[in-house]
Amino acid sequence: MTEAAPERPKLSVRGLDFYYGEHQALFDNTIDIAPAKVTAVIGPSGCGKSTHIRVFNRIFELYRDQRATGQVLLDGQDILAPAFDLIELRRRVGMIFQKPTPFPMSVFENLAYGIRLHYRPTRSELHGRVEAALKAAALWDEVKDQMQRPGTALSGGQQQRLCIARAIAVEPDVLLMDEPTSAIDPVATARIEDLVVSLKERYTIVIVTHNMQQAARISDFTAFFYQGRIIELGTTEQVFTAPRERRTEDYITGRFG
Amino acid sequence: MRSVPPARRGDRAFRLLAAGSAGTVLLLMAGLFVALGAGAWPAVRRFGVGFVVSNTWNPVTERFGALSSIYGTLVSTLLALLIAVPLSVIIALFLVELAHPTVARVVGGAIELLAAVPSIIFGMWGLFVFAPYMADHVQPALSKTLGFLPLFTGPPLGIGMLSAGVILALMILPFVTAVMRDVFRMVPAVVKEAAYGMGSTTWEVTRGVTVRYGAAGMIGAVFLGLGRAVGETMAVTFVIGNDHAVSASLFAAGNSIASTLANEFTEAAEPLYRSCLVYLGLVLLVLTVAIQAAAQLWLRRILRRMGRSG
């Protein structure tokens, strides 16, 4: 079912089950995520796509009744093992949410927040890193003169790029994006899509999207989820032009979903 | 006169009624100031603004000054806030961020019940249980350890400014905590997730995001507590000692504006004496209105700075 990635996968998921209380949401998920590529996760609402990527940084652990079993290997190490350093995991695996989540502080402090959590930068290092991250997120030119403005005062698209900048400021390996453009207008969406493509040189990106054109435009691999199971994973071209599974074809041709 | 259809007549009547009811609020407010101002006028004419800085209070010679009452009001209120606010923040954070939902529900319910306890109960408890305990245990211990500060000197009587401050703190604690809890609850879960997702610990999320997000609301909660504490009468009157004295020691007896009013109106037979008490009431009213106004201005400023419409 899974296609062997050419290199060692960045993330290898083996037999992942997930539960909300008694309710099982993911069933025996097994998937490899290729490094320095964009992997799109598509599927109808409630199929477990978000749930699946929320395991990669163990953010689900904030909620008492949520539980994951199985193996998720990041560079060969099982992140679900209790011994795995959670703080370091979350530095290495950043997350962008459906709605922009600027912190209630200035643009500069939004960026500095994460850097200060994980590093002990000097003043000039801090400024350098903030600038580099904003440049990488294609936001620098727009905000360089308003670093002291509240992050919440930016436009929606800018806020989302701010969140991406904030995530990459701590030098992660993986970026998880949970429908990052669903709350953003089409022009701003296009900019974020360009940004995602430009970021994949340095980061492994997993993006959940309900927008199939988006998946087709920006991803290298596509995984199709249905009812908590991974139905198909392949190159985006193959999944969209020659799906192996009937349900994949039905979904991408709009027969359900 | 044009004839108006009955339905529209009803609308008009309701409109008038509603506007009139709303206008009552303004009238009431203005009326309070006017009535107190008129009542206080003889005292104002006699003592002027010097009333609020003079510390004489002698009904026999008819020399009156409000300093000790104002001082006592401010000190007991400040003490109450110093004790209650940090506690409220911690309790509210515990309820929202840390506690098991069942625990949060039980403790949260208890806090709301505490808010419903009449102040006379706090006063009686303060006088008969708490003040003796202060005198026997807390004040001697404070004298021994911090006695080098003038704040903690003098005989441990139990009754006095410190006890009033603590009782006030207990009384405003539930209100402040309840508002703080609601403030922290309003922080969007996804913003917290984002902060945790950056690799923050619970403490870092709380300090860096939750508390900042709630800053405006927290200040609102503090002012709510302040407003309650400034005017609180019954409990304070029981434990503050009711002495017209300004003392550096928190062990000493003092009074507050409200306690003075509660204690002395029945004895105030002379017109000037009574007028002075009304003047004192006017000071209290101005004080509380000023606090409210400051609170609202402050809140508006914070909200603007946080980039939200307020």
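Lettering follows sequence order; numbering is per chain, from 1.
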For the residue pair [X] and [Y], establish whether any side-chain heavy-atom pair is separated by less than 4.5 Å.
{"X": "A/Phe103", "Y": "B/Met198", "value": "yes"}
{"X": "B/Glu193", "Y": "A/Met95", "value": "no"}
{"X": "A/Tyr113", "Y": "B/Glu204", "value": "yes"}
{"X": "A/Arg64", "Y": "B/Pro101", "value": "yes"}

How many angstroms lie between [atom1] in [X] and [atom2] in [Y], if you round to the nearest 0.5 Å?
{"X": "B/Lys192", "Y": "A/Leu62", "atom1": "NZ", "atom2": "CG", "value": "9.5 Å"}
{"X": "A/Thr152", "Y": "B/Tyr213", "atom1": "OG1", "atom2": "OH", "value": "7.5 Å"}
{"X": "A/His118", "Y": "B/Ser200", "atom1": "NE2", "atom2": "OG", "value": "6.5 Å"}

- Message: Does atom OH (A/Tyr119) have a neighbourhood of more than 12 heavy atoms from anything else shown, all under 6.0 Å?
- Response: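 Enclosed.
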- Message: Could you check whether atom CZ of B/Phe14 has more than 12 heavy atoms from other residues, nucleotides or ligands sitting under 6.0 Å from it?
- Response: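 It does not: B/Phe14 CZ has 12 such atoms or fewer within range.
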- Query: Where on A/Phe56 is there a heavy atom nearer than 4.5 Å to chain B: the side chain, the backbone, both, or neither?
  - Reply: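 Neither part, no heavy atoms under 4.5 Å.
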- Measure distances from A/Arg54 to the heavy atoms of chain B and classify the residue's part below 4.5 Å as side chain, backbone, both or neither.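 For A/Arg54, the contact with chain B is made by the side chain alone.
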- Message: Please find the pair of heavy atoms, one from B/Ala194 and one from A/Phe97, that lie closest to each other, and give the distance.
- Response: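 Answer, listing the atom of B/Ala194 first, then A/Phe97: CA-CE1, 3.4 Å.
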- Among the options A/Met105, A/Arg91, A/Lys99, pick out the one with the most heavy-atom pairs lying under 4.5 Å from chain B.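 The residue among A/Met105, A/Arg91, A/Lys99 with the greatest pair count is A/Met105.
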